[in-house]
> 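Quick one: the structure is below, and I'll ask about it shortly.
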Amino acid sequence: MALKNIIISFATAVLLCLLPQWSPAQSLAQPAQFAQLLQQAGVEFMEPVDAGYKDYEPLENQYLNCHHAIRSHSEDMEIRYYLLPWNEADLASTMPHVSTFITITNLATNADDAIIAALRPDSQSLRRDFNADWGMTYIFTPKPAFSDSPICKMVALCKEGQGTVFVFYLFDDPGNEAIDRREMAVRFR
């Protein structure tokens, strides 16, 4: 019987090593304000524990100071998070399309040759993957004061009555495959 338990334990350990390496938000230190906003907006947050992601504090800027940021040198990517909990007294928090438009116009470069790509996920994948009612994805070049990375993928997700979450993936290489692995970092309860 003991040998059977050892084999099952070993098989479980091997299986866990093969699964994507994500764990609950407590894996790395988080700012208290960020944890409070997650609770207030009813957001589950999964932070990568592989690829050497570390918390860090980006330089303050005049456009948007995010609530939490992590980066990985091995994946050559930085991820920032900004939460806007639902507040009936604040119209921007109850109108995600407006707050998203304000955010993209604040962060995207004003260069004449700059391109902004917009993608709207279908409602089924929004509900299935994020339990969200609304969402948009933008790919653009950020203003240098926000980030010195040449590419930003901004994902905006909203759940009515809970809030809007903005996730910013900042990177150099448009072929960076790590971006797809990191998309499921937030989900509304």
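Small disclaimer: the values here were computed from a predicted structure and weren't measured.
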> For Asn61, is there any backbone N or O sitting under 3.5 Å from a side-chain donor or acceptor partner on Asn65?
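Yes; judged by distance alone, with no hydrogens or angles, the pair exists.
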> On the 0 to 90° scale, with breaks at 30° and 60°, tag the His68-Tyr81 ring pair as parallel, tilted or perpendicular.
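Aromatic pair His68/Tyr81 classed parallel.
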> For His67, which of Phe166, Tyr82, Phe168 qualifies under ring pair (Phe, Tyr, Trp, His ring centres under 6.0 Å)?
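Looking at Phe166, Tyr82, Phe168, the match for His67 under the ring pair (Phe, Tyr, Trp, His ring centres under 6.0 Å) is Tyr82.
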> Are the side chain of Tyr169 and the backbone N or O of Arg182 linked by a donor-acceptor pair below 3.5 Å?
yes
> Are Trp86 and Lys159 side-chain neighbours, meaning at least one heavy-atom pair lies under 4.5 Å?
no
> Closer than 3.5 angstrom, by distance alone: can the side chain of Gln40 be matched with the main-chain N or O of Pro85 as a donor-acceptor pair?
no
> For Asn87, does its backbone N or O pair with a side-chain atom of Ser93 as donor and acceptor, under 3.5 Å?
yes
> Any Lys/Arg nitrogen of Arg127 or Asp133 sitting under 4.0 Å from an Asp/Glu carboxylate oxygen of the other?
yes
> For Arg128, is there any backbone N or O sitting under 3.5 Å from a side-chain donor or acceptor partner on Arg187?
yes
> Going from CG on Asp76 to CZ on Phe171, what distance comes out if it is rounded to the nearest 0.5 angstrom?
10.0 Å
> If you look at every heavy atom in Lys153 and Thr137, which pair is closest and at what distance?
CE-CG2, 3.6 Å
> Got a sec: does the CZ of Phe101 have more than 12 other heavy atoms crowding it under 6.0 Å?
no
> List the steps, then state whether side chain to side chain contact (heavy atoms under 4.5 Å, CB included) holds for Glu44 with Phe130.
CA-CA 9 Å; Glu44 296 172 349; Phe130 306 104; over 6 Å; no
> OG1 of Thr100 to CE of Met95: how many Å apart, nearest 0.5 Å?
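The distance works out to 11.5 Å.
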> Give, for atom NZ of Lys143 and atom CD of Gln62, the distance between the pair rounded to the nearest 0.5 Å.
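Answer rounded to 0.5 Å: 8.0 Å.
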